[in-house]
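Encoded as structure tokens, the structure appears first; notes follow it.
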2 protein chains.
Amino acid sequence: MSPKQHRGEVTSDLLLDAALRVYAEAGEQGLTVSAVTRASGVSLGSLYHHFGSIDGLVNALLTRWLGRLLGELADAVGQSRDARTGVRALVRAYLGFVQEHPDVSRLLHSSRADRVGMEQGRELRDVQEARMPPLTSWAVRHVERGEIAPLPPALLESLLLGPVVGVSRRWLTVGDVDLDEAARVLPERIWRSIGADGA
Amino acid sequence: MSPKQHRGEVTSDLLLDAALRVYAEAGEQGLTVSAVTRASGVSLGSLYHHFGSIDGLVNALLTRWLGRLLGELADAVGQSRDARTGVRALVRAYLGFVQEHPDVSRLLHSSRADRVGMEQGRELRDVQEARMPPLTSWAVRHVERGEIAPLPPALLESLLLGPVVGVSRRWLTVGDVDLDEAARVLPERIWRSIGADGA
DNA sequence: CCTTTTCTAGAATAATTTTCTAGAACTTAC
DNA sequence: GTAAGTTCTAGAAAATTATTCTAGAAAAGG
């Protein structure tokens, strides 16, 4: 998959990379068709050939990066022994990703993501469905062992990720949070909320 | 402030109401200048006279409703005795608002809100700064009394609202959550995470 | 090679937002 | 009550942005 990539794949990548670059520099508003073609050197026709629309391009970008994020989260819980260290690993992996890829995270969290996800989102949902199972089964396993409280999945997910997402959004927009401190403090706090009662 | 409103105020309201109606029916994509002028019967020139841009209009709409939401949250905690019941009241007020105004909530939570908030957001931030203090001071008060753990404000806010926002977004988009159950279960869970240790 | 398919290119078109000019409706001061 | 100034309404024109379309180059498969 390296020396003789089909040229289409190459231009797709050129476009995806350029789109992220443009978004990082010019933000939501600046992410236009012409900005991307200019930044990538790829023609308008190619963009539409590969992605069908500007939202299609954004969607592909989101899909790519959401996959990576979820993959990292799955790895994090996969390598942890008990539920408690799993929570810590998960929170730190998430915050680490945000810190390492702030532009991507901004795109993933805010704005265009929801809309594109809603309207275009076949692929996006596929990625979620492909990458979530490790996380879900991790949770189920520990609920069964009596380590995590038996809550409805949606509530469990919100308790687990809600605060982390909240802190991330805040760091990405306002900036008045210390992510390292959050990584230190949040896990134990979150653990209290979802840990089984007999702790 | 009722019988002789200045006509400008009337058209502003016409536009704001129409914008929400259009958003509810046609979604993100459908919320265009022409759709709003059509739905409101107001001319293009008036729209631009009052709001400067389509984002300006959306921003005003967000400002109006964010103010109401924050007001209801402040009322909720204001009427509660101890910190624990305050948390319960807060969570229920939030979820109640979402259930009562799903379209508004969709707009507030997702998509356009962040972008408009980022770029246009002077007013929006003003509303936040005007309406948050009751909530902040409520938190501070109970931290001082030793009921709530002494966490940095941003972390406290994320632990408190993160899960609630997460559940709301999910209910608004996917729909696979039971909001009444969430209102029953979340408060005690959240309380565990932020309550002072000596409970 | 010849055929078919995939891909590139950019001009033409369409959709949408924003600007601009003109005048109507209201307000204020005298 | 009316002249001068301001706010507001109106919609045509301009600008910006997204999408479609047609033509042909490059690659793949026989």
Side-chain angles (χ1 to χ4, degrees), chain A residues 1-23 25-62 107 111-113 115-116 118-121, chain B residues 1-19 21-23 25-62 107 111-113 115-116 118-120:
Chain A
M1 57 171 77
S2 37
K4 262 195 177 176
Q5 268 182 324
H6 295 204
R7 74 189 155 140
E9 210 170 319
V10 174
T11 47
S12 286
D13 283 348
L14 281 176
L15 285 165
L16 288 168
D17 294 345
L20 184 56
R21 229 160 42 234
V22 168
Y23 177 77
E25 282 173 23
E28 183 70 43
Q29 297 285 16
L31 188 49
T32 66
V33 171
S34 65
V36 173
T37 53
R38 205 177 325 118
S40 63
V42 171
S43 78
L44 190 57
S46 295
L47 191 159
Y48 276 87
H49 173 74
H50 288 289
F51 297 107
S53 72
I54 183 68
D55 280 357
L57 172 57
V58 173
N59 187 47
L61 191 58
L62 288 169
L107 183 60
S111 202
R112 209 133 172 181
R115 201 193 78 215
V116 172
M118 270 276 100
E119 281 154 20
Q120 281 248 357
Chain B
M1 58 169 79
S2 38
K4 264 195 177 177
Q5 269 182 323
H6 295 205
R7 75 191 154 138
E9 209 170 319
V10 174
T11 48
S12 285
D13 283 348
L14 282 176
L15 285 166
L16 289 168
D17 294 345
R21 228 158 43 233
V22 167
Y23 177 77
E25 282 173 23
E28 183 70 44
Q29 297 285 16
L31 189 48
T32 67
V33 171
S34 64
V36 173
T37 53
R38 205 177 325 118
S40 62
V42 171
S43 80
L44 189 57
S46 295
L47 191 158
Y48 276 86
H49 173 73
H50 288 289
F51 297 107
S53 71
I54 183 69
D55 280 357
L57 172 56
V58 173
N59 187 47
L61 191 58
L62 288 168
L107 182 60
S111 199
R112 208 134 174 179
R115 201 193 78 215
V116 172
M118 271 276 98
E119 281 153 20
Q120 280 248 354

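Everything numeric in this text was worked out from a predicted model, so none of it was measured.
OP1 or OP2 of C:dA9 sits under 4.0 Å from a side-chain N or O of A:Ser43. Checking the phosphate oxygens (OP1, OP2) of D:dT7, no side-chain nitrogen or oxygen of B:His50 falls inside 4.0 Å. Between D:dT9 and B:Thr11, a contact under 4.0 Å exists linking OP1 or OP2 to a side-chain N or O.
Rounded to whole Å, the distance from CZ on B:Phe51 to C1' on C:dT19 is 18 Å. Protein atom CZ of B:Arg38 is 11 Å distant from nucleotide atom P of C:dT17, rounded to whole Å. In this structure, A:Gln29 places its CD atom 12 Å from P of C:dT17, rounding to the nearest Å. Per the geometry, NE2 belonging to A:His49 stands 12 Å off C1' belonging to D:dA26, to the nearest Å. Across the protein-nucleic acid pair, A:Tyr48 atom OH and C:dA11 atom C1' stand 15 Å apart, rounded to whole Å. Atom CG in B:Leu15 sits about 11 Å away from atom C1' in D:dT9, given to the nearest Å. At whole-Å resolution of the value, NE2 in A:His6 and C1' in C:dT6 are 11 Å apart. When rounded to the nearest whole Å, the span between CG of B:Leu44 and P of D:dA15 equals 16 Å.
In this structure, of D:dA18, D:dT9, C:dT17, it is D:dA18 that holds the atom nearest to the side chain of A:Ile54.
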- Message: Between B:Val33 and B:Tyr48, is the side-chain contact (heavy atoms from CB on, under 4.5 Å) condition met? List the steps.
- Response: CA-CA 10 Å; B:Val33 171; B:Tyr48 276 86; 3.7 Å; yes
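Listed by chain and number, the residues in a side-chain hydrogen bond (donor to acceptor under 3.5 Å, both in side chains) with A:Ser46 are A:Ser43 (sequence neighbours excluded).
None of A:Leu15, A:Leu16, A:Thr11 except one satisfies the side-chain contact (heavy atoms from CB on, under 4.5 Å) rule with A:Asp13; the exception is A:Leu16.
Proximity of A:Leu62 to A:Val58: side-chain heavy atoms (C-beta onward) are separated by under 4.5 Å at one or more points.
For the pair A:Ser34 and A:Gly45, both in contact range of DNA chain D, the more 5′-proximal nearest nucleotide belongs to A:Ser34.
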